[in-house]
**Student:** 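There's a structure below that I have some questions on.
All values reported here derive from a predicted model rather than from experimental measurement. In what follows, chains are A, B, ... by sequence order, proteins preceding strands, each numbered from 1.
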Amino acid sequence: MNYWLLKSEPDVYSLDDLKDEGTDCWDGVRNYQARNNLTAMEEGDLGFFYHSRTKPPHIAGICRIAKKAYPDPTAFDPEENYYDPKSDPDDPRWFCPDVSYVCHLPETVSLKKIKKEESLSEMVLVKNSRLSVQPVTKEEFKKVCLMGGLKKIPE
DNA sequence: GCCAACGTTGGC
DNA sequence: GCCAACGTTGGC
């Protein structure tokens, strides 16, 4: 079981949107490091849903990987914002897993709080703020769950 | 809305 | 393969 953090601008796609959908594909990622993390995900892995470019930016809740990453269809469609002519359907460059809604945290955990927390000083979120799909350690996952007021940590 | 930090592109 | 120019992300 691995843990992850997925960023999204809530104006574009929020945790509430995922809740409404139930399960959705995490498409549109066009960064190699993030792509490598997406393809390393296994079905059943848990992830934080992070709201970026908000006041304040925060971890909103939890999602689960519902299906291992497959070629991202939005890369092949010229009508799509995320169209990438360099991604060949016979040799895809971009991939997306399906993620499903798990829960909202009772209290969102702001980036500010995370930065203040000594035990979270090694989080990728703190060290490499640009990366939109990141690994999270089990300890970090538990800690943020507790900070968010979650009584029972999902497994 | 600004801009620092980071990633990518492409000429040489 | 270097690196300048450019584009994007995301906190503030």
**Student:** Between dT9(B) and K86(A), is there an OP1 or OP2 to side-chain N/O distance shorter than 4.0 Å?
**Tutor:** yes
**Student:** Take atom CG of D11(A) and atom C1' of dG11(C), then tell me their distance rounded to the nearest Å.
**Tutor:** 15 Å
**Student:** Taking the side chain of Q33(A) as heavy atoms from C-beta outward, which of dT9(B), dG7(B), dG11(C) is closest to it?
**Tutor:**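 Closest nucleotide to the Q33(A) side chain: dG7(B).
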**Student:** Do F141(A) and F48(A) have ring centroids that are under 6.0 Å from one another?
**Tutor:** yes
**Student:** Whole Å only: how far is the CZ atom of R93(A) from the C1' atom of dT9(B)?
**Tutor:** 12 Å
**Student:** Can you confirm whether or not the ring centre of W94(A) sits under 6.0 Å from the ring centre of Y83(A)?
**Tutor:**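 Ring centroids of W94(A) and Y83(A) are no less than 6.0 Å from each other.
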**Student:** Please enumerate all residues that pass side-chain hydrogen bond (donor to acceptor under 3.5 Å, both in side chains) together with Y82(A), with sequence neighbours excluded.
**Tutor:**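 Partners of Y82(A) under the side-chain hydrogen bond (donor to acceptor under 3.5 Å, both in side chains) test: none.
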**Student:** Working to the nearest 0.5 angstrom, can you tell me the gap between L46(A) CG and K138(A) NZ?
**Tutor:**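 Reported to 0.5 Å precision, the distance equals 10.5 Å.
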**Student:** Under a plain distance cut-off of 3.5 Å, with no hydrogens placed, do R30(A) and T74(A) share a side-chain donor-acceptor pair?
**Tutor:** yes
**Student:** Taking CD1 from I59(A) and C1' from dG11(C), how many angstroms apart are they, rounded to a whole number?
**Tutor:**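 So the CD1-C1' distance, I59(A) to dG11(C), works out to 15 Å.
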**Student:** Is the side chain of D24(A) donor-acceptor paired with the backbone N or O of E21(A) at a distance under 3.5 Å, no angle test?
**Tutor:**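 The answer is no, because no donor-acceptor pair under 3.5 Å joins these two groups.
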**Student:** OP1, OP2 of dC12(C) versus side-chain N and O of K115(A): anything below 4.0 Å?
**Tutor:** yes
**Student:** Please report, rounded to the nearest Å, how far the P atom of dG11(C) is from the CD1 atom of I114(A).
**Tutor:** 10 Å
**Student:** OP1 or OP2 of dG10(C) versus the side-chain N and O atoms of K7(A): is any pair under 4.0 Å?
**Tutor:**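 Answer yes for this pair, as a side-chain N or O of K7(A) is under 4.0 Å from OP1 or OP2.
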**Student:** Taking atom C1' of dT9(B) as reference, at what distance in whole Å does atom CZ of R30(A) sit?
**Tutor:** 17 Å
**Student:** Provide, to the nearest angstrom, the distance between the OH atom belonging to Y32(A) and the P atom belonging to dT8(B).
**Tutor:**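 Value for this atom pair: 7 Å.
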**Student:** Measure CG/N36(A) against P/dG7(B) and give the value in whole Å, please.
**Tutor:**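 So the two atoms are 12 Å apart, to the nearest Å.
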**Student:** Which whole-number value in Å describes the distance from N31(A) CG to dT9(B) P?
**Tutor:**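 Going from CG in N31(A) over to P in dT9(B) covers 11 Å.
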**Student:** Please enumerate all residues that pass side-chain hydrogen bond (donor to acceptor under 3.5 Å, both in side chains) together with D27(A), with sequence neighbours excluded.
**Tutor:**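 Once residues adjacent in sequence are excluded, D27(A) has no partner under the side-chain hydrogen bond (donor to acceptor under 3.5 Å, both in side chains) criterion.
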**Student:** Should Y50(A) be listed as having a side-chain N or O under 4.0 Å from OP1 or OP2 of dT9(C)?
**Tutor:**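 For dT9(C), neither OP1 nor OP2 has a side-chain N or O of Y50(A) closer than 4.0 Å.
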**Student:** Short of 4.0 Å, heavy atom to strand atom, which residues of residues 125-137 of chain A count as contacting DNA chain C?
**Tutor:** S129(A), R130(A), S132(A)
